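The block underneath contains the structure these notes are about, expressed in structure tokens.
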Amino acid sequence: MITFGPVPSRRLGRSLGINNIPPKICTYSCAYCQLGRTIKMQVERRVFYEPDQVLRDVHDKVEKAKEAGEAIDYLTFVPDGEPTLDINLGREIELLRPLGIKIGVICNSSLIGREDVREDLLGADWVSLKMDATQRERWRKIDRPHGALRLDSILDGALEFARAFRGELVTETMLVEGINDDDDQIRDVAGFLARLKPATAYLAIPTRPPAEEWVHAPDEQVINRAYQILCETVERVEYLIGYEGNAFAFTGDVEQDLLSITSVHPMREDAVGEFLARAKADWPVVHNLVEQGQLVETAYEGRRFYLRKLHRN
Ligand code: SF4
């Protein structure tokens with residue numbers, strides 16, 4: 001099946017996924033990949049499916065969703081591999097345009113140094129670029145790129161793309177304990193993002209079984225530090241940690257609302273205090289959530305923060 005969904009996505013509303021690459025062909029073999037190790041690594045772009053077939057599949061799904069009264073906010077290229085390996089990506093985006101639904105692409109940035117890839121992505125409305133590391137050794141360890149790829153070309157290509165792109169550009173940085181979660185690397189990524197100027201920089205951690213057993217999420221204190229460092233240079237930073245269901249859902253239930261907000265970003269102690277005052281609630285609510293292990297208290301530069309518990313027990 002080339003299409004799947006529509007599925008709820010925190011970033012894109014209801015998204016119809018387009019799987020334009022057979023599993024699992026990629027330019028990277030990320031240590032944290034939830035699809036396991038890459039079966040076929042390649043950097044040459046080629047034909048995987050005929051663009052007409054992709055259009056037919058998407059068209060059918062859109063029609064079925066319409067009949068069922070289901071809305072679709074985005075058609076999203078999010079395959080079991082790297083979507084820009086598809087040499088027809090630009091053509092497919094063109095063919096999908098008349099459906100009148102916004103188009104997103106979640107890519108790993110590895111081929112963004114190529115002009116034809118940038119051209120293809122310019123046709124989308126929303127593009128997510130993976131930015132796990134900006135230092136070569138870290139990049140090699142975490143993303144395990146194909147030997148022909150060069151980090152400099154990727155970073156330059158991303159900047160060039162950002163200058164030309166008129167849609168919404170976001171980035172995604174996966175934090176892996178001991179690889180790219182130290183202040184030095186995070187500050188480096190933050191410096192690069194300051195130049196790239198994404199609308200939102202998303203911070204992710206491995207929440208599903210990774211390709212390699214040694215991959216672990218950093219603890220909440222480290223994640224909070226990374227968040228605060230990125231906030232110094234990027235206007236908007238959010239977590240992307242898989243609580244798709246209830247993020248942003250203001251229910252009027254104080255506990256649920258605190259968990260929703262802190263699943264997107266940490267809350268400073270004073271912000272929690274204001275929130276509690278507005279909700280006519282008190283600190284025991286917060287202390288209970290901490291005791292139950294749902295909320296974590298941590299400190300950064302002398303201030304206290306509250307985060308949703310991010311690790312699976
Ligand atoms: S880029 Fe995506 S699909 Fe490719 S190895 Fe990394 S996580 Fe997996």
Side-chain angles (χ1 to χ4, degrees), residues 1-5 7 9 11-12 15 17-46 48-49 76-87 89 104-114 117 120-121 124 126-151 153-155 157-158 161 169-177 179-181 185 189 198 201-218 239-242 244:
M1 281 303 285
I2 298 179
T3 53
F4 59 94
V7 292
S9 152
R11 295 187 290 181
L12 300 173
S15 153
I18 305 172
N19 200 348
N20 63 327
I21 304 285
K24 181 206 156 175
I25 304 174
C26 197
T27 51
Y28 283 173
S29 184
C30 299
Y32 58 77
C33 185
Q34 64 189 47
L35 304 168
R37 290 185 188 157
T38 297
I39 299 165
K40 187 168 186 321
M41 284 191 83
Q42 68 173 66
V43 286
E44 299 81 30
R45 305 187 79 197
R46 67 174 179 85
F48 294 97
Y49 301 102
T76 316
F77 287 84
V78 51
D80 295 337
E82 170 49 28
T84 61
L85 278 171
D86 177 1
I87 200 159
L89 178 63
V105 183
I106 298 182
C107 75
N108 71 10
S109 312
S110 59
L111 300 180
I112 196 95
R114 292 178 58 137
V117 169
D120 285 359
L121 290 174
W126 182 97
V127 171
S128 173
L129 295 180
K130 186 191 289 298
M131 282 297 152
D132 290 336
T134 48
Q135 296 175 349
R136 196 167 297 116
E137 280 320 303
R138 323 294 188 100
W139 172 62
R140 285 212 177 112
K141 268 192 194 153
I142 190 170
D143 292 343
R144 301 191 298 191
H146 185 288
L149 294 170
R150 296 289 168 266
L151 183 59
S153 152
I154 293 172
L155 299 179
F161 177 71
L169 177 69
V170 305
T171 58
E172 198 172 318
T173 301
M174 179 71 88
L175 294 176
V176 173
E177 186 183 52
I179 306 289
N180 66 341
D181 63 341
Q185 171 56 164
V189 170
Y202 289 97
L203 267 183
I205 55 166
T207 52
R208 304 198 185 115
E212 306 301 337
E213 272 177 21
W214 52 261
V215 166
H216 297 289
Y239 292 147
L240 193 63
I241 48 175
E244 306 285 348

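For reference, positions follow the sequence shown, starting with 1. It should be emphasised that the depicted structure is a prediction, and the values quoted were computed from it without experimental measurement. In listed order, ligands and their atoms are each counted from 1.
Partners of Thr76 by side chain to side chain donor-acceptor pair (under 3.5 Å), not counting sequence neighbours, listed by chain and number: Ser15. With sequence neighbours excluded, the residues forming a side chain to side chain donor-acceptor pair (under 3.5 Å) with Thr27 are Asn108, Ser110, listed by chain and number.
For the atom pair Arg150 CZ and Arg136 CZ, the distance stands at 8.5 Å (nearest 0.5 Å).
Counting heavy atoms from C-beta outward, Leu111 and Leu149 have side chains that approach closer than 4.5 Å. Side chains of Cys107 and Phe77 form no contact here, defined as non-hydrogen atoms less than 4.5 Å apart.
Each of the atoms 1 (S) of ligand 1 lies under 4.0 Å from some heavy atom of Lys130.
Residue pairs that meet the salt bridge (charged side-chain N to carboxylate O under 4.0 Å, His left out) test with at least one member in residues 20-44, sequence neighbours left out, are Arg37-Glu212.
Listing protein N, O or S atoms at distances below 2.8 Å from atom 4 (Fe) of ligand 1, with waters left out, gives Cys26 SG.
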